[in-house]
Amino acid sequence: MALITKRHLARDALDVAHDLLGAEFRRGAVRLKITEVEAYRWPDSACHGCHGRTRRNKTIWGPPGRAYVYLCYGLHQLLNVVTLRDGVPNAVLIRACEPVAGLSVIRRRRGGKSGPVLLTGPGKVGAALDLGRRFDGHDLTQPGGLELHRGAPPAAVLRGPRIGIGYAEEQDLRAPWRLAAADTPWVSHRASLRSSALPLP
DNA sequence: ACAAGGATCCTCT
DNA sequence: GAGGATCCTTGTT
């Protein structure tokens, strides 16, 4: 498998989100296959960049291919892949993964749990990779530390509205920019997902 | 210096 | 499905 190129990530977050399903994060012994993502775009009232650039969110405004890691609710480290181009806030949030390798390390970092509860939620992914703000701005397209590799895409994709963005405007609240692999139990909030061929809930 | 709120998780019922 | 935990980041005084 090969690292995903910066050029591949230099597109709109929704396009990149489709391609990231099946891709793989690697850090040391831990390898995680991406099963669920959300696109945050521009303009988009749910995107962290929508109120301008701050010290916390500056990475999402930067060039594609970097990790945007931020602290949510004071305790969860959430991982995004920055997309599109420098100067526009655009990113893909990693919401869930399936373990490929390093299960014992993952379980230890997640309180000894097992099954999909290990990795179905963005804060859980951050915990399993032991992320922190020191990874904010890390280049995922270069070898070393945290890496993003290509992988086989899922046979079918589910889509639905994004989770936890009640503060957003109506149109963005309903936009079907959450994507998940259809052929895996490693997905959160299944109830609001539909086959991409069917109308939304 | 202070108050408000958040791209969540876990434990119940 | 609902509610509390938890504490950093931000904008305002």
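Throughout, protein chains are lettered first and strands after them, A, B, ... in sequence-line order, and every chain is numbered starting at 1. Because the structure is a prediction, the values reported are computed rather than measured.
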Item to check | Test item: A/Thr141 and A/Ile4 side chains (from C-beta on) under 4.5 Å apart, heavy atoms | outcome: no

Item to check | Flag side-chain contact, heavy atom, 4.5 Å: A/Val125 against A/Phe25 | outcome: no

Next on the checklist: Determine whether a donor-acceptor pair (N or O, by modelled atom type, separation under 3.5 Å) exists between the side chain of A/Arg107 and the backbone of A/Lys113.
Outcome noted: yes

Next on the checklist: Donor-acceptor check, side chain of A/Asn57 to backbone of A/Thr54, threshold 3.5 angstrom: yes or no?
Outcome noted: yes

Checklist entry - What string of B, S and - do you get for nucleotides 7-13 of chain B, 5' to 3', if B is base contact, S is sugar-phosphate-only contact and - is no contact with any protein heavy atom under 4.0 Å? => result BBSS---

Item to check | Pair assignment for B/dA7, Watson-Crick or G-U wobble, requiring both distances under 3.5 Å | outcome: none

Checklist entry - Do A/Thr120 and A/Glu36 have side-chain N/O donor and acceptor atoms under 3.5 Å apart? => result no

Checklist entry - If you count the non-hydrogen atoms of other residues, nucleotides and ligands that lie under 6.0 Å from CZ in A/Arg174, is the total more than 12? => result no

Next on the checklist: Applying the ring-ring contact (aromatic ring centres under 6.0 Å, His included) criterion to A/His48, which one of A/Tyr70, A/Tyr167, A/Trp42, A/Tyr40 satisfies it?
Outcome noted: A/Tyr70

Item to check | Neighbours of DNA chain B within residues 128-138 of chain A, by heavy-atom distance under 4.0 Å | outcome: none

Next on the checklist: Assigning hydrophobic clusters by single linkage (Ile, Leu, Val, Met, Phe, Trp, Tyr; side-chain heavy-atom cutoff under 4.5 Å), is A/Leu140 placed with A/Phe135?
Outcome noted: yes

